[in-house]
Every structure is written in C-alpha cells, then in structure tokens.
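Right, one structure below, let's go through it.
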Protein chains: 2
Amino acid sequence: MSISSRFAVGIHILALIDLNKETASSSEFIAGSVNTNAAVIRKIMGMLKKAGLIEVQPGVAGAKLSRELSEITLFDIYKAVNVVEENELFSIHDKPHPDCVVGKNIQSTIEPIFMAAQSAMEKVFQNLTLEDIVKDIEAKESVQ
Amino acid sequence: MSISSRFAVGIHILALIDLNKETASSSEFIAGSVNTNAAVIRKIMGMLKKAGLIEVQPGVAGAKLSRELSEITLFDIYKAVNVVEENELFSIHDKPHPDCVVGKNIQSTIEPIFMAAQSAMEKVFQNLTLEDIVKDIEAKESVQ
DNA sequence: ACATGATGTAATTGTTTTGGTTACAAGTAA
DNA sequence: TTACTTGTAACCAAAACAATTACATCATGT
C-alpha cells in the first residue's frame, strides 16, 4: 500500500511553476521535468485549479499560483489532489459479528485511534508551506 | 487509497484471544467474529505468529498471546501485518528530470518530510497497547 | 480566417493490491 | 482411525494507479 504519487507530483508542479516564473510552464514542459505524460500533469493541474491553488486558462500555456508561496500549505496540496479520504486512511473490516463482545465494540474503539493517527500525519503537512519547499530547493542549488 | 484492514483485523484477533481466554479461539471462531473467511484469519495469524506476538500450534485449536497485553503496542501489530513498508507510506515519482532545478532536488527535499509525516502517524500506535484496546472494550461492555 | 499550439477530459490498458474462496497437506488428539 | 485444526498455495473479482491515446475546445499570431 502506498499513497498516490499525485501528492509528490502536485508539490513538484507548484514548485516548478514558481521557480520558472519568467517563462510559461506548459503541461508539456512540466511533464518533462516530472518525467511523465502531459495528460497526467493536466489532470493533476485540474485538481490544483479546482482547489483554487493555481490559475490556468484553456488554450493558453502556463499557470500561475493563486496565492503567495507562504500561503499554500502542503496540506492544501494534499487535499487538492485527493490522495486520502477524510478519516479513511485506515480501512476497518465491516460487519463484525454483533453478538461478540469484541465484534460489537471494535469499530468504535479503533476508529478514534485511526483518526488520531491520520491527524498526526496531516498536521505535519499543515505546518509546512510551498515556501519551505522552494527555499530548500534553492538552498541546495546555491551550494552546487 | 486506504491502508489494508489487516491492521484492524489483527487488533481484533488479539483482543478476542485475550477476552476469550477461557476457551480456545479457533480460526473458525475468530472468523465468525470478524465476519470473514477462516483462511483469511489464519493468514493474518501467521503474520502475528511470525512477529512473535502469539503462539499457535499446527493442529491444535486456539492461540495465546506471547506477552502481556501492556507489552504489545499497536505499532507491534502494525508492523506484524505489514500494511505499510518502512518509509514508503507516500510514493514519489521516480526519475524526475535531472537537468531541471526542481527535478534534480525534489526527491531529497520531499523525502524527509514524508518520513516525518509517516513517523508522526506511527508514533500514535507506539503509544497505545492492546491493554488500552481491551480496557476500552470492557468499559463499553460494562455500561450496557 | 486559418493554422498552430495549448488546455480539458474521456476512454483504454497493464500492473499491483486487496480480500475472499477453495483445496489440501500435515499435525493433534480422542 | 476419525474428526478437527493449522498452514499454505492457487485462483479470482474488484479497485486503484499511472501511462497512453485521442479529441473537443480555446487562444493567439499571421
């Protein structure tokens, strides 16, 4: 099991749009950097657009960020690309036997724990922004 | 995307073995409580056995916990049933273009963040034991 | 107006994972 | 021996992913 790479690609796309501001980042160009098909990029960019993170116009090459780098958290991207449903990171077997002490109670016992675990994970993304990503990339670049 | 219910079922199995100590919990019996096939239960119990959490003997019905309830964390179970690989909760697109500023650095920038998020999630399970689960179930039971 | 090139989106495909199912070898015990 | 259990292997349908192809639609420059 693994969470879709749409999330990583989404971060890649947004960072690239910013670091490549001077020229238009077409889906073809981004696809070259990500190393995938342009249609895949357009699909993910569609999600980012729908979430209000970027502005794109049909027919015109490129996209721009809707907000400041520091105003876009990784959690925003995570939600935009829809890689994990709300409180459904962990699946629970359904219809455990209601006549059994464990079967009757296991779901309500486990659910809040799974929710807490998912929240702990998501909080990491809430505390990081695209600015952190871009600055980290720039720092690595300046060293080389 | 969702993490396999093997984890939830693993917790269910162990809690049931404990709460049903007085009689032997055969795979058939457990399957009834979980509401699935006995072969599925045996497969998961094989993982729990391999991880040293339970003791089972071929041919003889039932299983017993290898350690005290308080000595078995949810993280132990999580690892035992192998639902998420080490540091691979999030997948990252591979072979981004090395001639691109973003493509060259994105992986090393994102990886530690993804690891931190996964760790935050796993820590929740490290801080909970089967004892917490069983006590919670017993508490619910005593109210009814 | 028209050609060019871009985005938006649907349909298809191969691969992998999941959970369920059947079957059966091998062990245990009355 | 008989009955029951665990341990596995094999197989299947369904779902998710990422890649790919195709094409409608839009924008722009000549």
What is the distance, rounded to the nearest whole Å, between atom [atom1] of [X] and atom [atom2] of [N]?
X: Ile41(A); N: dA18(D); atom1: CD1; atom2: P; value: 11 Å
X: Ile3(B); N: dT18(C); atom1: CD1; atom2: P; value: 10 Å
X: Arg6(B); N: dT18(C); atom1: CZ; atom2: C1'; value: 8 Å
X: Ile92(B); N: dA18(D); atom1: CD1; atom2: P; value: 12 Å
X: His12(B); N: dG19(C); atom1: NE2; atom2: C1'; value: 16 Å
X: Asn37(B); N: dT22(C); atom1: CG; atom2: P; value: 7 Å
X: Ile44(B); N: dT18(C); atom1: CD1; atom2: C1'; value: 11 Å
X: Asp94(A); N: dG19(C); atom1: CG; atom2: P; value: 11 Å

Between Phe90(B) and Tyr78(A), does the ring centroid distance fall short of 6.0 Å?
no
List the atom of His12(B), the atom of Pro96(A), and the distance in Å for their closest heavy-atom pair.
CE1-CB, 4.0 Å
Look only at the side chain of Lys140(B) and the backbone of Ser108(A), and say whether a donor-acceptor pair between them is shorter than 3.5 Å.
yes
Regarding [X] and [Y], do their side chains bring together a donor and an acceptor under 3.5 Å, going by distance alone?
X: His93(B); Y: Thr36(A); result: no
X: Asn20(A); Y: Thr23(A); result: yes
X: Gln126(A); Y: Glu122(A); result: no

Which atom pairs link the protein and nucleotides 4-8 of chain D when you take only N or O atoms and keep those under 3.5 Å?
unit_1	atom_1	unit_2	atom_2	d
dT6(D)	OP1	Ser27(B)	N	3.2
dT6(D)	OP2	Ser27(B)	N	3.3
dT6(D)	OP2	Ser27(B)	OG	2.7
dT6(D)	O4'	Gly59(B)	N	3.1
dG7(D)	OP1	Lys49(B)	NZ	2.8
dG7(D)	N7	Arg42(B)	NE	2.9
dG7(D)	O6	Arg42(B)	NH2	3.2

Assign Ser5(A) to base, sugar-phosphate, or nothing according to its heavy-atom contacts below 4.0 angstrom with the strands shown.
sugar-phosphate
Would you say dG19(C) has OP1 or OP2 under 4.0 Å from some side-chain N or O of Ser4(B)?
yes
Counting only side-chain nitrogens and oxygens, does Thr36(B) get under 4.0 Å of the OP1 or OP2 atom of dG20(C)?
yes
Just wondering, are more than 12 heavy atoms of other shown residues or ligands nearer than 6.0 Å to CD in Glu68(B)?
no
